[in-house]
Amino acid sequence: MLILRPESPTPLVSQIVEGLRGLIGSQKLKADSKLPSIRAFAAAHSVSVFTVVEAYDRLVAQGLLVSRANAGFFVKRRSDEGGGAASAPRADPRFDARWYLQQIFENSNLPLKPGCGWLPHDWLFEDGVRRSLRQLASDGADIGGYGLPFGHMALRMAVSESLSERQIQVDAAQVLLTQGSSQALDLVARRLLKPGDAVLVDDPGYPNLMFMLRFLGVEPIGVPRTPTGYDLPALEALLAVHRPKAFFTQPRLQSPTCSMAALPQLVRLLQLAQAHDFVLVENDIYADMDASMRPSLASLAQLRQVVYVSSFSKSISPNLRVGYVVAEPELLGDLAQLKMVSGLTSSDITERLAFGVVTDGRWRKHLKALRDRLAHAHGTVARRLEARGFELFHEPAAGMYLWARHPDIADSAELSQRAAGEGIMLGPGQLFLVNPRPTGWLRFNVAFSEDERLWRFLERSVEQQSGELAAQGED
């Protein structure tokens, strides 16, 4: 029998996890035993359903429980475990980084896209792009030949100036333009890592990055995100076991959680990087969406053991593949060589186009309007999710995303499959986990989440799932 002690300093979630782990280990809960439903457990122990969801989710991740569709949670059989209870659960092959990329980019014709990672076209700076295109055409720009190895100098200078406003002091020689931030991350990974190396990543985090690292023969190790940034005790425990060469992370408006690391966390992260000799790769692609002039790892360290990556694709257009990486000169030279080896130069035309946009007199006004619009959408979508029983991981009132889950939805991947059948692209949480497993978490892009068809679908789905769980509880 499991006894919880609310007065104990040990969190209730941890008490449930350790208690059930003990019952399973002592065979008091045998293989294939069905656990109480989430609601039944919560009622029996006077805890919230969210506490039970979190505990069950951790036990699934640890390979001790299995979630079966429309049936509930069961103790895993040995035959399910693939080599022992401690081994990580196998990922559903439909929901990995390859599936994610295929669904996002090949099924862009789905009418509703609350799970996507870009802004609607009418939220972008379309007038500025058109003006830059006209200016580019009237200037008679040379469309023959290649660009420069480091990219268009005028744009590199503009990047340097904008970074100085964020307290990152670099000159144009320390800026390498790339084909979006994805190429920048790939170049950095290929320069810093070799097969077999350990590398830290945010968990949950960026699926494309995890796929790219695995393709290089590197196994990503997840550092848990919290609403205020990082689970530092978990990070320090990982560092005691592994010797990572790098930590690829998004301190600001992180995808998918939109959490932001506080200043003390950034300082501690820099201390740990120095003590354990690993490089921090800061992916700051959502900086333009943050009205606060908050510090970054790059500004605090001035690029000592920090590589800074960003992009114009989120704020100008996802179709404009212009990103950049900033690093100390010697490392940047190596990255430029890798860029030339893998794809020669980046596009001088698109870089000139981006330069015209960011030097347009209305660019800053557009960014302010975009931030205001995103903040309003955050408030609207957050309240509608809460009204339907969803738990919010964090409310930043900035950036593009809300990370949320419903206590009655154990597997958001199944929900996403049903949604796709109704023309709705959702962002199931399993896609963003370092070790994919069924989870109720979903990523909502607030700019695409105000359509009534989405909310009608969610209401029907929650009602159906709640009814099924209630029926299971009566069995």
Side-chain angles (χ1 to χ4, degrees), residues 142 145-201 208-209 212-213 215-218 244-250 270 273-274 276-285 287 296-313 321-352 354-355 358:
D142 183 9
Y146 292 97
L148 297 172
F150 281 79
H152 185 60
M153 177 53 78
L155 181 57
R156 292 166 64 201
M157 293 174 65
V159 168
S160 172
E161 292 172 5
S162 69
L163 290 178
S164 68
E165 297 178 8
R166 301 177 195 168
Q167 306 303 312
I168 304 172
Q169 304 302 326
V170 297
D171 57 37
Q174 289 178 265
V175 179
L176 173 68
L177 301 182
T178 60
Q179 298 176 46
S181 60
S182 293
Q183 187 192 36
L185 293 170
D186 180 62
L187 293 174
V188 173
R190 288 194 286 127
R191 168 58 180 79
L192 296 180
L193 307 171
K194 63 181 185 298
D197 282 345
V199 61
L200 303 175
V201 297
N208 194 33
L209 171 66
M212 178 260 290
L213 292 171
F215 188 80
L216 293 175
V218 177
K245 292 293 182 66
F247 182 9
F248 286 72
T249 184
Q250 285 183 312
L270 289 166
Q274 184 174 16
H276 294 269
D277 193 27
F278 62 87
V279 177
L280 290 161
V281 183
E282 182 174 22
N283 184 1
D284 203 16
I285 58 174
S296 62
L297 292 169
S299 68
L300 293 171
Q302 293 303 311
L303 299 181
R304 290 187 298 275
Q305 284 188 262
V306 175
V307 177
Y308 184 85
V309 171
S310 195
S311 172
F312 297 107
S313 298
R321 306 305 303 153
V322 180
Y324 57 90
V325 56
V326 182
E328 293 183 325
E330 183 178 352
L331 175 58
L332 201 74
D334 291 346
L335 296 176
Q337 287 291 322
L338 281 173
K339 172 187 171 184
M340 293 291 291
V341 168
S342 62
L344 298 179
T345 67
S346 43
S347 170
D348 185 68
I349 292 176
T350 56
E351 290 167 0
R352 287 174 181 267
F355 173 73
V358 300

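- Of all non-hydrogen atoms in A327 and Q174, the two that sit nearest each other are O-NE2, 3.3 Å.
- The backbone N or O of S299 sits less than 3.5 Å from a side-chain atom of S296, completing a donor-acceptor pair.
- Under the 4.5 Å side-chain criterion, counting only non-hydrogen atoms from C-beta, N208 is in contact with S182.
- The neighbour count for Q274 CD, taken as heavy atoms of other residues, nucleotides or ligands under 6.0 Å away, does not exceed 12.
- Between A173 and F150 the shortest heavy-atom distance is O-CE2, 4.5 Å.
- Closest non-hydrogen pair, A354 versus F312, comes out as CB-CD1, 4.5 Å.
- Listed for the E282 side chain is no donor-acceptor partner under 3.5 Å among the backbone atoms of V307.
- Inter-residue side-chain proximity for M212 and D186 is flagged as met; some heavy-atom pair is nearer than 4.5 Å.
- Here the side chain of R321 pairs no donor or acceptor atom with the backbone of G180 at under 3.5 angstrom.
- The only option from L297, L280, D277 that meets the side chain to side chain contact (heavy atoms under 4.5 Å, CB included) definition with Q305 turns out to be D277.
- Checked options V309, V199, N283; the residue passing with F248 is V199 (criterion: side chain to side chain contact (heavy atoms under 4.5 Å, CB included)).
- K194 and V218 get closest at one heavy-atom pair: O-CG2, 3.6 Å.
- Inter-residue side-chain proximity for S164 and Q169 is flagged as met; some heavy-atom pair is nearer than 4.5 Å.
- Listed by chain and number, the residues in a side chain to side chain contact (heavy atoms under 4.5 Å, CB included) with D334 are R191 (sequence neighbours excluded).
- At least one side-chain heavy atom of Y308 sits less than 4.5 Å from a side-chain heavy atom of L163.
- Two residues are said to be in side-chain contact when any heavy atoms from C-beta on lie closer than 4.5 Å; K339 and L176 meet this criterion.
- In this structure, the separation between CD1 on I349 and NE2 on H152 is 11.5 Å, given to the nearest 0.5 Å.
- You'll find the side chain of D284 stays beyond 4.5 Å of the side chain of Q250, heavy atoms only.
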With side-chain contact (heavy atoms from CB on, under 4.5 Å) as the test, would you mind laying out the steps for V188 and V325 before giving the verdict?
CA-CA 9 Å; V188 173; V325 56; 4.0 Å; yes
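- Counting only heavy atoms from C-beta outward, the side chains of V306 and V279 never approach each other to under 4.5 Å.
- Between L185 and V281, some side-chain heavy-atom pair lies under the 4.5 Å cut-off.
- Looking at every heavy atom in both residues, L155 comes nearest to E351 through CD2-O, 3.6 Å.
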side-chain contact (heavy atoms from CB on, under 4.5 Å) between Y324 and S311: does it pass, once the steps are laid out?
CA-CA 6 Å; Y324 57 90; S311 172; over 6 Å; no
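- Other residues, nucleotides and ligands contribute at most 12 non-hydrogen atoms within 6.0 Å of the CE atom of M157.
- Rounded to the nearest 0.5 angstrom, S160 OG and D171 CG are separated by 6.0 Å.
- A 6.0 Å sphere centred on CD of Q302 holds more than 12 heavy atoms belonging to other residues, nucleotides or ligands.
- Pairing each heavy atom of V201 with each of F247, the nearest pair is C-CE1, 3.7 Å.
- Between Q337 atom CD and L187 atom CG the span is 11.5 Å, to the nearest 0.5 Å.
- Applying the ring-ring contact (aromatic ring centres under 6.0 Å, His included) test to F355 and every residue at least two apart in sequence or in another chain returns nothing.
- Checking side-chain atoms of T178 against main-chain N and O of Q183 turns up no donor-acceptor pair under 3.5 Å.
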